[in-house]
Amino acid sequence: MANKYRFKILGDESYLLIAVPVFMLAIYYFMGRQIFEYDSDGEALNFKNRNIIPFLDKPLHDEFPKYKLIKYDIINIVLIKRLYITVTSKNSGSTMLKYEISYLTRKEINDLKLSLNKVVKANKEKKD
């Protein structure tokens, strides 16, 4: 008898044991990669973007010289923030790179903007 009713112990609440983790996983997936690392020391820009949960998405890692940076844009849509970087390339003229920065604080985003503005301004001065 216990074997017959073992899955009905929690009743309808047992569906929450499946629904809640699936819902949380979906939120993590749609909000984007949680860890964003940026390094502008030296002659190169280094961007890393990865998930806390490794099997959700492949980690991104890009490194290129500062002189290749043309422009950048930060898009803010409700809870989702994205950084778009345009870089010069040999083959197609320019390439756009995309990073999720939804989990950065306002201060961290302002520091990122300040650093990228310096690089873009220096590149424009060298070009002119």
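Keep in mind that what you see is a predicted model, and the values were worked out from it rather than measured.
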Peer 1: At what distance, to the nearest 0.5 angstrom, does OG1 of T105 lie from CG of D111?
Peer 2: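 Separation between the atoms: 8.0 Å.
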
Peer 1: Inspect the surroundings of OH in Y67 and state if more than 12 heavy atoms from other residues, nucleotides or ligands are less than 6.0 Å away.
Peer 2: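 No, because the 6.0 Å sphere around OH of Y67 holds 12 heavy atoms or fewer from other groups.
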
Peer 1: If Ile, Leu, Val, Met, Phe, Trp and Tyr residues are connected whenever their side-chain heavy atoms lie under 4.5 Å apart, and connections chain through other members, are V78 and L83 in the same group?
Peer 2: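 The answer is no; the residues belong to distinct hydrophobic clusters.
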
Peer 1: For S94, give me all partners under side chain to side chain contact (heavy atoms under 4.5 Å, CB included), at least two apart in sequence or on another chain.
Peer 2: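 Partners of S94 under the side chain to side chain contact (heavy atoms under 4.5 Å, CB included) test: I70, T86.
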
Peer 1: Can I get a per-line list of side-chain donor-acceptor pairs under 3.5 Å for residues 37-44, giving both atom names and the distance, sequence neighbours left out?
Peer 2:
residue, atom, partner, partner atom, Å
E37, OE2, R50, NH2, 3.3
Y38, OH, S115, OG, 2.8
D39, OD1, D41, N, 3.2
S40, OG, S115, OG, 3.3

Peer 1: Could you give me the CA-CA distance, side-chain angles and deciding distance for R82 and D73, then say whether side-chain contact (heavy atoms from CB on, under 4.5 Å) is met?
Peer 2: CA-CA 8 Å; R82 297 242 164 90; D73 291 320; over 6 Å; no

Peer 1: Taking atom NZ of K66 and atom CG of L116, what is their separation to the nearest 0.5 Å?
Peer 2: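 It comes to 10.0 Å.
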
Peer 1: How long is the straight-line distance from CD1 of I85 back to OG1 of T95, given to the nearest 0.5 Å?
Peer 2: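 Between T95 OG1 and I85 CD1, I get 12.0 Å after rounding to 0.5 Å.
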
Peer 1: Suppose the criterion is side-chain hydrogen bond (donor to acceptor under 3.5 Å, both in side chains): which pairs have a residue in residues 116-127, not counting sequence neighbours?
Peer 2: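 Pairs touching residues 116-127 that pass the test: Y72-N117.
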
Peer 1: Before giving the answer on side-chain contact (heavy atoms from CB on, under 4.5 Å), spell out for L60 and R33 the whole-Å C-alpha distance, their side-chain angles and the decisive distance to 0.1 Å.
Peer 2: CA-CA 9 Å; L60 295 175; R33 295 174 178 91; 3.6 Å; yes

Peer 1: Does any part of the side chain of L104, heavy atoms only, come nearer than 4.5 Å to the side chain of K81, both counted from C-beta?
Peer 2: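 K81 vs L104: side chains apart.
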
Peer 1: With a cut-off of 6.0 Å (strictly less than), are more than 12 heavy atoms of other residues, nucleotides or ligands near OH of Y103?
Peer 2: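 For Y103, atom OH is crowded (more than 12 foreign heavy atoms under 6.0 Å).
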
Peer 1: Please determine whether side-chain contact (heavy atoms from CB on, under 4.5 Å) holds for the pair F47 and L97, giving the CA-CA distance in whole Å, both sets of side-chain angles, and the decisive distance to 0.1 Å.
Peer 2: CA-CA 10 Å; F47 294 93; L97 305 171; 5.8 Å; no

Peer 1: Do you reckon I77 sits in the same ILVMFWY cluster as M96, going by side-chain contacts under 4.5 Å, direct or chained?
Peer 2: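 Yes, it is one cluster - the side chains of I77 and M96 are joined through contacts under 4.5 Å.
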
Peer 1: In Å and rounded to the nearest 0.5 Å, what is the CD1 to CG distance from I35 to N49?
Peer 2: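 Separation between the atoms: 9.0 Å.
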
Peer 1: Tell me whether L25 is reachable from I27 by hopping between hydrophobic residues (I, L, V, M, F, W, Y) whose side-chain heavy atoms are closer than 4.5 Å.
Peer 2: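 They do share one cluster, since a chain of ILVMFWY contacts under 4.5 Å joins I27 to L25.
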
